[in-house]
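To start, the structure itself, in structure tokens.
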Amino acid sequence: MQPDTLFQGTVPVDTVLTRADLTPAEAADTAAVTVADATNEAVDTVQGFIDGFFATLPKIGVAIVVFLAFVLIARVIRNIIHRVTPGPKDSSIGIVIGRLAYAFLLLLGVLIGLVIIFPTFTIGSLLGALGLGGVALGFAFQDIFQNLLAGILILLREPFREGDEITSGAYTGTVEAIETRATFIRTYDGRRVIIPNSQIYSDPVQVITAYQRVRSEYDVGIGYGDDIGEAKRIALETVRGIEGVMKDPAPDVLTWDLAGSSVNLRVRWWSDPTRANVVKLRDAVLMQVSQSLLAAGIDLPFPTQQILWHDQTEATDGDRTRQREGWPVPKDGKAPEPARIAQAIRQTGGASSEQKTSRGEDE
């Protein structure tokens, strides 16, 4: 017996078949087996998901119960904070602290629920999953976070409260609500303006009703020929008699400006800072002061202008030999004669008549 024959008889030989070596029937059977295997694998995968979901249902139920318990606890804590914080129940400090505690407890409930459902879940894995996406979200919601922080600081520091009248930028009105994102203002003409808290916190804000009183003022012009002291006395007595003007601090009247056509007296008075009261008193002060001055014969002049000729002066204007009103002193030191407008008109008219006469003779 030959060695090759003996080896082939005792050791099996593996045979590799290709699709070309198979008959059409055998190839169809092989394809059918492959599709069946893939289908079975997909069904097993879906069945595994379903089985896993139903196996996780008790954990999901426990997580929901835990989250609802945290919601209830958060509400109770928020109400307790509102009661124990100083001031009224709806004070700004209580509102902001209550909201922060409520949000923190809700977040804690969500994290504990996730740990119950997925025992391998950790905060570190959550942060790792966020990664660059968290940075992108931070940039995307930068304005929201800025307004949120500004709103919290406004509620904590209380530069103004609901019901105060403020001026922020071009808007003036009554504060309706202060939220963590924006402040709502109702303007005096009945419009609602929503201003972002970041703008209010960074820009100057005028709180009109921050104190119990506010001062108003108005300038009244009298003639230069009127008695300034008498006009001040009349205006002051009139303002003191108007209802709503505070006695302390008392109103006053000051000589404020020597204007082009009048002596301006500044009338100042104190009153309640609310807008309706300020407007009402302003109307009363202007009307009664003007009537009192006119009744006493005090002139309330209109703005006037006086036009002088270049060499026009008055005979009673002191030393006429000195420089006056920008006109140079004559070299000979003699005072210029006062110019008369009527005389200048007559001279001009006479010259015109003479010219007409001369023209007639020439013709």
Side-chain angles (χ1 to χ4, degrees), residues 165 167 169-170 172 188-189 204 206 208 211 213-330 335-345:
E165 298 180 9
T167 298
T172 301
Y188 297 134
D189 55 357
Q206 180 182 2
I208 301 173
Y211 304 105
R213 58 176 181 255
V214 66
R215 190 182 70 187
S216 303
E217 59 187 23
Y218 190 81
D219 291 347
V220 179
I222 64 173
Y224 273 95
D226 295 318
D227 189 342
I228 298 178
E230 181 68 12
K232 291 173 63 176
R233 183 189 64 80
I234 294 173
L236 185 58
E237 290 181 356
T238 303
V239 175
R240 286 176 177 174
I242 297 176
E243 183 180 359
V245 175
M246 292 184 175
K247 307 300 181 182
D248 186 20
D252 56 3
V253 179
L254 305 175
T255 305
W256 198 255
D257 188 20
L258 300 177
S261 57
S262 64
V263 177
N264 292 340
L265 306 180
R266 177 157 295 184
V267 182
R268 307 190 303 181
W269 67 94
W270 294 84
S271 64
D272 183 86
T274 56
R275 172 72 175 179
N277 187 70
V278 170
V279 173
K280 179 181 177 180
L281 278 180
R282 181 185 176 90
D283 172 72
V285 168
L286 268 62
M287 182 179 64
Q288 296 189 29
V289 167
S290 61
Q291 291 178 352
S292 299
L293 292 175
L294 291 174
I298 304 296
D299 185 23
L300 301 180
F302 296 102
T304 58
Q305 290 182 343
Q306 184 176 7
I307 301 176
L308 301 177
W309 296 89
H310 181 70
D311 60 345
Q312 183 180 0
T313 59
E314 297 293 337
T316 59
D317 284 341
D319 188 0
R320 303 283 305 285
T321 61
R322 296 184 179 180
Q323 183 178 357
R324 174 180 175 274
E325 298 178 358
W327 296 324
V329 178
E337 293 295 333
R340 306 297 181 184
I341 298 178
Q343 182 180 357
I345 293 175

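Every heavy atom of this structure was used, including side-chain atoms; hydrogens, water molecules and symmetry mates were not. On a predicted model such as this, the values are computed, not experimentally measured, just so you know. Residue numbers start at 1 and run along the sequence shown.
- Under the side-chain hydrogen bond (donor to acceptor under 3.5 Å, both in side chains) criterion, Q291 pairs with no residue at all, not counting sequence neighbours.
- Remark: D252 CG to L236 CG distance equals 7.5 Å, nearest 0.5 Å.
- In this structure a side-chain-to-backbone donor-acceptor pair under 3.5 Å is missing from S262 to A259.
- Applying the side chain to side chain donor-acceptor pair (under 3.5 Å) test to every pair with at least one member in residues 273-282, sequence neighbours left out, gives these pairs: D272-T274.
- A 4.5 Å side-chain heavy-atom check between T167 and I208 finds at least one atom pair inside the cut-off.
- Residue N264 comes nearest to G221 through the heavy atom pair OD1-CA, 3.5 Å, listed as atom of the first residue, atom of the second, then distance.
- Minimum heavy-atom separation, V253 to K232: O-CE, 3.3 Å.
- Among I234, D226, I228, the single residue meeting the side chain to side chain contact (heavy atoms under 4.5 Å, CB included) criterion with E230 is I234.
- L281 and S271 make their closest contact through CD1-CB, 3.2 Å (heavy atoms, listed as atom of the first residue, atom of the second, distance).
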Tabulate below the donor-acceptor pairs under 3.5 Å that side-chain atoms of residues 292-303 make, not counting sequence neighbours, or state none.
residue	atom	partner	partner atom	Å
S292	OG	T238	OG1	3.1
S292	OG	Q288	O	2.9

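- Taking the side chain to side chain contact (heavy atoms under 4.5 Å, CB included) definition, one finds that R266 meets it with E217, D219, W256, R268, sequence neighbours left out.
- Smallest separation of non-hydrogen atoms from S216 and V278: OG-CG1, 3.9 Å.
- The shortest non-hydrogen separation linking L258 to Y224 is C-OH, 3.3 Å.
- Partners of D189 according to the side chain to side chain contact (heavy atoms under 4.5 Å, CB included) rule, which considers only residues two or more places apart in sequence or in another chain, are T187, R191.
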What side-chain donor-acceptor pairs closer than 3.5 Å can you find for residues 241-250, not counting sequence neighbours?
residue	atom	partner	partner atom	Å
K247	NZ	R240	O	2.7

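- Counting heavy-atom neighbours within 6.0 Å of Y218 OH, excluding the residue itself, gives a total of 12 or less.
- Taking both residues in full, the closest heavy atoms of V239 and P251 are given as CG1-CB, 3.7 Å, listed atom of the first, atom of the second, then distance.
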